[in-house]
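For reference, the structure is listed below as structure tokens.
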Amino acid sequence: MGELRELYQEVILDHSKRPRNFGELVGANRRAEGYNPLCGDRETVFIRLEDDVLEDVGFRGAGCAISTASASMMTDAVKGRTRAEAEALFERFHRLITGQDGKKEPGESELGKLEVFSGVREFPVRVKCATLPWHTLKAALAGVDQTVSTELTEGPKAESGGA
Ligand code: ZN
């Protein structure tokens, strides 16, 4: 299991350093912004939705390694899928990283590469980082034209700035 964990960390590191589908998506007809105040992650997800198919997906933003890697791998995973398939994938991903998936062996959850995030369940704070791009994707699909936050109770607090 130790080797597997190392492999998982390598994949996450690779995606965080060289995110796929990064940048504003030309021709996008859906977009949403996501914000995770606990960590400071901000991401904008772009979708070119045609006939209920996510023809192209991209993102941009700044966040921690987990949120960036998750967004990168999410865009790869949902590209070419239907809206229903993408939402079902989110459900499975969410069960995986919150540990509601039971003790499945790698390869059993139909998540493919996304299984690298299974270790995140041991770090509850990081679950928000990993799910941020997915919540944002869902908002974009729903046509929600506002920033989605991982913290539902968030008030109009002043932002802490930062360089
Ligand atoms: Zn984060």
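Each ligand, and each atom within it, is numbered from 1 in the order the structure gives. Only a predicted model underlies this, so the values are computations on that prediction, with no experimental measurement involved.
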Look at Glu50 together with Arg48 and state whether they make a salt bridge at an N to O cut-off of under 4.0 Å.
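Looking at Glu50 and Arg48, the cut-off is met.
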Hydrophobic cluster (4.5 angstrom, side-chain heavy atoms) - remaining members for Phe46:
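Leu25, listed by chain and number.
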Contact list for residues 124-142, test salt bridge (charged side-chain N to carboxylate O under 4.0 Å, His left out), sequence neighbours left out:
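Residue pairs with at least one partner in residues 124-142: Lys128-Glu151.
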Salt bridge (charged side-chain N to carboxylate O under 4.0 Å, His left out) pairs, two or more places apart, involving residues 63-82:
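As it turns out, the salt bridge (charged side-chain N to carboxylate O under 4.0 Å, His left out) pairs with a partner in residues 63-82, which skip direct neighbours, are Asp56-Lys79.
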Geometric class of the Phe90/Trp134 ring pair [parallel <30°, tilted 30-60°, perpendicular >60°]:
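Geometry flag for Phe90 against Trp134: parallel rings.
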Could you name all protein N, O or S atoms found under 2.8 Å from the Zn ion (ligand 1)?
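Only Cys39 SG, Asp41 OD1, Asp41 OD2, Cys64 SG, Cys129 SG fall inside 2.8 Å of the Zn ion (ligand 1).
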Under the 3.5 angstrom rule, does the side chain of Asp41 hit a backbone N or O of Cys64 as a donor-acceptor pair?
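Looks like yes, one N/O pair under 3.5 Å.
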